[in-house]
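First up is the structure itself, then whatever we jot down about it.
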Amino acid sequence: MRLLNPLLQMRAMTIEANPGRLREAREWARQAALDAGFDEAGCYQMRLAMSEAVANAIQHGSQARSDCIRLEAFEDDGALVFEVRDTGTFTPRPGVPSGVEAEGGRGLELLALMMDEVQLSSTAEGSRVRFSKRLP
């Protein structure tokens with residue numbers, strides 16, 4: 001099994017639910033992907049996926065700009081995994097396939113097209129989007 005840069009074993013950051021922080025979240029994901037050995041196309045996919053997940057957390061998982069969104073990146077079983085956690089609760093719409101939920105169903109559907117795995121879960125503490133891509 002390939003060993004990653006030790007800094008990638010687990011990295012995390014917390015941002016406010018402010019659209020002005022999207023760029024920072026995208027660049028953070030890009031750097032994690034770069035450190036994991038992804039090429040520019042892979043890094044772009046990670047940036048786009050993070051942008052979608054964080055925008056969704058801001059729009060649907062927070063009530064105020066001061067609410068926190070937690071980002072994590074780590075290696076798990078040969079994949080680069082990202083998790084985006086917010087304080088909102090997710091309620092699936094009837095008739096929408098599991099794992100494909102966002103405004104019009106497009107946000108997580110886009111993630112599913114780019115990533116190898118996408119999961120959405122919700123607890124009393126908030127929602128979590130987890131997405132991953134196998135290491136190159």
Side-chain angles (χ1 to χ4, degrees):
M1 180 179 198
R2 183 185 122 135
L3 294 177
L4 298 179
N5 178 330
L7 295 175
L8 188 58
Q9 292 305 314
M10 171 59 155
R11 42 175 92 173
M13 69 183 261
T14 302
I15 61 171
E16 298 85 23
N18 179 337
R21 302 291 301 269
L22 274 170
R23 181 178 182 185
E24 183 180 351
R26 284 192 301 261
E27 291 307 313
W28 181 84
R30 180 189 175 283
Q31 188 61 54
L34 191 63
D35 290 348
F38 284 91
D39 62 11
E40 279 305 313
C43 290
Y44 178 80
Q45 288 178 337
M46 296 297 187
R47 272 183 93 229
L48 183 56
M50 182 60 72
S51 186
E52 287 293 326
V54 171
N56 199 42
I58 291 169
Q59 183 176 6
H60 302 291
S62 58
Q63 296 178 2
R65 285 186 173 207
S66 60
D67 288 350
C68 291
I69 297 172
R70 176 80 171 169
L71 312 177
E72 294 181 359
F74 52 93
E75 185 268 338
D76 184 35
D77 197 26
L80 176 59
V81 178
F82 288 99
E83 291 187 356
V84 177
R85 298 175 187 262
D86 60 50
T87 57
T89 55
F90 169 76
T91 306
R93 294 186 314 212
V96 176
S98 176
V100 182
E101 178 69 31
E103 183 179 324
R106 292 181 300 273
L108 292 180
E109 186 174 318
L110 179 60
L111 285 174
L113 290 171
M114 293 183 294
M115 299 294 115
D116 295 326
E117 185 178 349
V118 178
Q119 298 173 341
L120 177 60
S121 58
S122 187
T123 66
E125 290 80 38
S127 296
R128 178 193 76 169
V129 175
R130 178 183 170 117
F131 52 97
S132 62
K133 192 163 192 76
R134 305 291 305 156
L135 295 170

Exercise for review: Quick one: do Met50 and Leu71 satisfy side chain to side chain contact (heavy atoms under 4.5 Å, CB included)? Show the steps, please.
Suggested key: CA-CA 9 Å; Met50 182 60 72; Leu71 312 177; 4.0 Å; yes

Practice item. Please test Gln31 against Asp35 for side-chain hydrogen bond (donor to acceptor under 3.5 Å, both in side chains), starting from the C-alpha separation and ending with a verdict. Key: CA-CA 6 Å; Gln31 188 61 54; Asp35 290 348; 2.8 Å; yes

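You'll find the side chain of Phe38 reaches within 4.5 Å of the side chain of Lys133, heavy atoms only. Residues Leu80 and Phe74 are not in side-chain contact: their nearest non-hydrogen atoms beyond the backbone lie 4.5 Å or more apart. At least one side-chain heavy atom of Met46 sits less than 4.5 Å from a side-chain heavy atom of Met115. Between Val84 and Asn56 the shortest side-chain heavy-atom distance does not fall below 4.5 Å. Residues Asp86 and Ser62 form no side-chain contact, since every pair of their non-hydrogen atoms from C-beta on lies 4.5 Å or further apart.
The backbone N or O of Arg47 sits nowhere less than 3.5 Å from a side-chain atom of Ser51 that would complete a donor-acceptor pair. In this structure, the side chain of Ser127 engages the main chain of Gly88 through a donor-acceptor pair within 3.5 Å.
Counting all heavy atoms, side chain and backbone alike, Leu135 lies closest to Ala36 at CD2-CB, 3.9 Å. When every heavy atom of Pro136 is checked against every heavy atom of Gly37, the shortest pair comes out as CG-O, 3.2 Å. In terms of heavy-atom proximity, Trp28 sits nearest to Arg11 at CZ2-O, 3.6 Å. Residues Ala25 and Val54 approach most closely at CB-CG2, 4.0 Å, considering heavy atoms.
A distance of 10.5 Å separates CG in Asp67 from CD1 in Ile58, rounded to the nearest 0.5 Å. One finds the CD atom of Glu52 at 10.0 Å from the CZ atom of Arg26 (value rounded to the nearest 0.5 Å). Summarising the geometry, atom CZ belonging to Arg70 is positioned 14.0 Å from atom OG1 belonging to Thr87; distances are rounded to the nearest 0.5 Å. Leu111 CG to Arg130 CZ: the interatomic distance, rounded to the nearest 0.5 Å, is 14.0 Å. With rounding to the nearest 0.5 angstrom, the OG1 atom of Thr14 is 8.5 Å from the CD atom of Glu72.
In this structure, Arg30 pairs ionically with Glu40, as a charged nitrogen and a carboxylate oxygen lie closer than 4.0 Å.
Around atom CZ of Arg134, more than 12 heavy atoms belonging to other residues, nucleotides or ligands sit under 6.0 Å away.
Val81 and Leu34 are assigned to two separate hydrophobic clusters, defined by single-linkage of ILVMFWY side chains at heavy-atom distances under 4.5 Å.
Applying the ring pair (Phe, Tyr, Trp, His ring centres under 6.0 Å) test to every pair with at least one member in residues 114-136, sequence neighbours left out, gives these pairs: Phe82-Phe131.
In this view, Arg21 and Glu16, Glu24 satisfy the side chain to side chain donor-acceptor pair (under 3.5 Å) rule, not counting sequence neighbours. Here Thr123 pairs with Glu125 under the side chain to side chain donor-acceptor pair (under 3.5 Å) rule; sequence neighbours left out.
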